[in-house]
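Working notes for the structure below.
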Amino acid sequence: MTPPAARPPESWLVAVNLPVPAYDFAVPHGWAAPDAPLGCRVLVPWRGELAVGLVVGAGTGGAHRMREAVALLDDPARPWVPAATVRAVGTWAADARLPAGLVWGDLLGVGWEAHYTHRVRAVPGADLSMFARRVPAENWTDGASFVPALLDEIRAQGLLEEDITPLPRTRAMVVARKLADVPPAARTVTVLRAAAALPDKLTPRQRHACEWLAAHGPQDSLSGWARGAEVSPGVTSGALNAGGAAYVQEQGDPPGAWAWLREHGPAESLTAWANGASAAGIPLSVTQAGTLAARGWADSVQRPAPPPALPEACPELPGAADPDRLPELPVWRLHGGRPAQRFRALAPRVSRLLSQGRGVLVLAPDHTTLRRAWDGLSGLAAGAGTRAVQVSGQLSAAQREHTWELVQSGAARLVVGSAHALGAPLQDLALLVVLEEASEAHKLQSGSRAFVPDVAARVAQESGAALAWVGCAPAVESVPCPGAVLAPPRTRLHVVNYAAPPTQPELGPLSSVHLTPGDLGYPLSHDLARLLRQVQERGRQAALLAPRRGYSALLRCPACDHTPQCRHCDVPLRFHQETRRLTCHQCGYHEAVPDRCDQCGEPMWKARGPGTEWIAQEAARLLPGFPVYRVDKDRQDDLAPLHAGEPGLMVGTQLLLSGEAPPNLALIGVTLADTWLNVSDFRASERYHRLLRQLAEWHAGPRPPLLVVQTFQADHPALRVLVDGRDALAYPAAEAHVRQELGYPPYARLAQLEVTAREQHKAQAAAQELAGALHGAGATAQEVLGPAPSPVARLRGVYPYHLLLRARSDARLAELLRVLDSRSWKARVRVDVNPRGGL
DNA sequence: AGCACGCCGACT
DNA sequence: GTCGGCGTGCTC
């Protein structure tokens, strides 16, 4: 017996850019291909209008009131997103219990707005008389001329035919009209002409002015005439009144600005016209250009936009011909060394794959990493017969679109980008490189809370591409992978141990008095202060990393220990001295600093926990006359002088590292390293270790700056591995053992369930109920931890409760999460698979 | 995410 | 009587 022929799907699952699941749409009229065009964009009716969606699967059928998709926007042979990527993201989203639209909205940054012509007509013979409004006739008409809701009603009844044609990007340009087409009225000018016969009653000066006018031709203003005739304006005005001259309307010469546009146009805008003409010696303001256009000298027309300029690939090809020493495995890692060394080690592999006509995708978590990857890899493409493109938020919409089309068409096969590059339509992906896979920046803060390396791993697997983790230090999760570790860069490190008793020689005669760690100097230790003064004396540069922005972590009343708290969150308010405000760093609430303690009336406050403002102030006091720059979320000073090599000190938060290190950097100080450790998160020490590694490789020059770390935990192993010159694998490998014992990643898969409600008891009850349901469904005590109130018990006025799921595998985690769908919960439940921070 | 619907308190 | 707060539900 022959199996029944597979029936083509009658509907597609389409994801739109909204936090909703993919919905079923009937295939467009006349569609007959056997498979759903996965990854193609499609126009679908949505809330009475047309929306761009992504085909993410074959329809499940059986949906009520299913609507018909209107038109496919991409050729199924060249989808907007590769089919394998669509499948991989789909399974990831399903496992994470996230609606497809939410995930695709986060991961796809280009193509949600389509440019197309839309023509409509009534189906032949259709009776549209029941619609009271103007309706499409049986010949094609522009769809934009009808009310969208009306069109949709006709569409829903199957009485509308639509013609959708994708359009190239156009842009409005200003072109000069032909002289024959300029309206005659536009060509008349008002000028002053001398009277044919001068009246007798003119004064001598008036007569002189009129004679000058007769001799020198018409003038367009009284004042111009006066200037030309070298008389005061009163004279020309008087001459006009006395009948010595008159305003006359006459045909004028075409304006010089028009002639310029005719010859050099079209111009991209009125401004471009004005600038161009002015540069050619024809003074023209933007307003004047607008007036000329309005009077009919120029037209605005739509012209196909030239492709926007894209970031250029670097010219050199470093390392393309080096031997390839990297593993030939489905998943491998490469860490340590310096960024340039890592890319050089990666180059032969990338180069070879590109030469074979295959595709390489490189994902960077932040702008600095992306720029370094671009510098280190983009130069390889040309030698391998293709081109490199960048996909980042820095690009304009037009640039992103053009980039995407270059990849879609096969013209570019090396893509370096952010999370938005994950869906890049590479036709034969051979290698997916995830840079700095441990970086927190890979965790998307928007709706899906996707951790990009997780999704990337699924994409690589589904595409049959190799996956490489590459960065300064491996994530503990990548320790078990086979791979390569480069020798650590030369590091000069000095640890200031706040916990150690101060040494005798430094303290001298004071050694007998009662000592606190503060006697070592706080927040800038004597050691660090001495080194900073040296930097100043030698005209070098230094950077200080403060633990937080603002002046201090909190204000405390010295009399009663009261600390002002946020009104919406259970956290102390941070003190910002520059704005004289108390600010909540969770929700942004702020208020003026109270004059006195509202508990006991004490008029003085004591600041605790130095931030950038405090450190910068302290440093300025220490180094009189030395320029101090600040870099944090509140203030980004212009660092141009530092980058030009001038002496100075920069004080900032971790935001410092998102810029390039200045060239003359001699010293980096971490003012209080413990801030990175005193976080209730099992990844805190891993993050601290990575911070130290990043600081050590921040400056690219041959002589690394001295790194000074001030800490109460000088013996912390994350710091010791650097002091002892161990490689980038040492600490993560040790940490992996700890994780194994505790049953944390990579030896478990985690998901956090966040239950929130406006009232605390509701959130708690719902969380409790959820835990009960999980246990009822067979979850063990090891698999469900909590519920517990969130570390910040109240956040933006709501009470979040957390449950932590800890499963042995992705599959088991997905199984546990399915319990969420079993019924509705009386509070908002959000899933965060592979949560980061604050656990 | 928007947007409509619907249910309760403060005003003309 | 209405206006308007925002909780709940829906989008094929």
Side-chain angles (χ1 to χ4, degrees), chain A residues 8-29 31 36-73 86 90 93-94 96-114 147-160 162 164 420 444-450 568 587 754-763 765-766 769 796-800 820-821 823-832:
Chain A
E10 283 157 14
S11 64
W12 300 333
L13 273 176
V14 176
V16 292
N17 186 6
L18 287 175
V20 295
Y23 287 121
D24 254 334
F25 287 87
V27 302
H29 207 69
W31 178 266
L38 284 194
C40 288
R41 291 169 308 153
V42 65
L43 278 183
V44 292
W46 189 267
R47 287 188 146 270
E49 303 201 25
L50 292 181
V52 175
L54 194 70
V55 180
V56 296
T60 50
H64 54 106
R65 291 185 290 128
M66 194 197 298
R67 296 286 303 271
E68 194 173 284
V70 173
L72 204 61
L73 295 175
V86 169
R97 308 277 92 191
L98 290 168
L102 179 66
V103 176
W104 279 112
D106 273 0
L107 293 180
L108 184 61
V110 52
W112 293 112
E113 260 154 53
V147 180
L150 172 79
L151 273 192
D152 195 54
E153 235 180 289
I154 304 172
R155 182 186 291 129
Q157 298 194 17
L159 300 177
L160 192 67
E162 297 181 77
I164 304 282
H420 277 164
L444 301 186
Q445 289 309 299
S446 42
S448 70
R449 318 222 78 223
H568 312 296
C587 72
E754 188 184 67
V755 183
T756 51
R758 213 169 271 280
E759 280 153 286
Q760 187 165 21
H761 69 272
K762 278 190 184 169
E769 221 173 299
R796 295 163 213 270
V798 299
Y799 292 87
L820 290 181
D821 297 341
R823 60 193 165 96
S824 72
W825 314 95
K826 291 174 197 101
R828 209 173 93 117
V829 180
R830 258 178 46 178
V831 183
D832 184 351

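Throughout, a chain's letter reflects where its sequence line sits, starting with A, and its residues are numbered from 1.
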For the residue pair A:Phe25 and A:Trp46, categorise the inter-ring angle as parallel (less than 30°), tilted (30 to 60°) or perpendicular (more than 60°).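 The arrangement is tilted - the two ring planes meet at 30° to 60°.
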For [X] and [N], give me the distance from atom [atom1] to atom [atom2], rounded to whole Å.
X        : N      : atom1 : atom2 : answer
A:Tyr23  : C:dT11 : OH    : C1'   : 5 Å
A:Glu10  : C:dC12 : CD    : P     : 20 Å
A:Arg67  : C:dC10 : CZ    : P     : 18 Å
A:Trp112 : B:dA1  : CH2   : P     : 15 Å
A:Leu98  : B:dA1  : CG    : C1'   : 15 Å
A:Arg828 : C:dG9  : CZ    : P     : 15 Å
A:Asp152 : C:dC12 : CG    : P     : 8 Å
A:Leu50  : C:dT11 : CG    : C1'   : 15 Å

Restricting to non-hydrogen atoms, name the atom on [X] and the atom on [Y] that form the minimum distance, rounded to 0.1 Å.
X        : Y        : answer
A:Val52  : A:Gly111 : CG1-O, 3.5 Å
A:Ser448 : A:Leu98  : O-CD1, 3.4 Å
A:Asp24  : A:Met66  : O-CG, 3.5 Å

Contact class for A:Pro21 vs. all strands (heavy atom < 4.0 Å): base, sugar-phosphate, or nothing?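 Counting heavy atoms under 4.0 Å across all strands, no contact is made by A:Pro21.
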Among B:dC3, B:dA1, C:dC12, which nucleotide sits nearest the side chain of A:Arg47? B:dC3
Per A:Phe25 side chain, nearest of listed nucleotides C:dC12, C:dT11, B:dA1: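 So the nucleotide nearest the side chain must be C:dC12.
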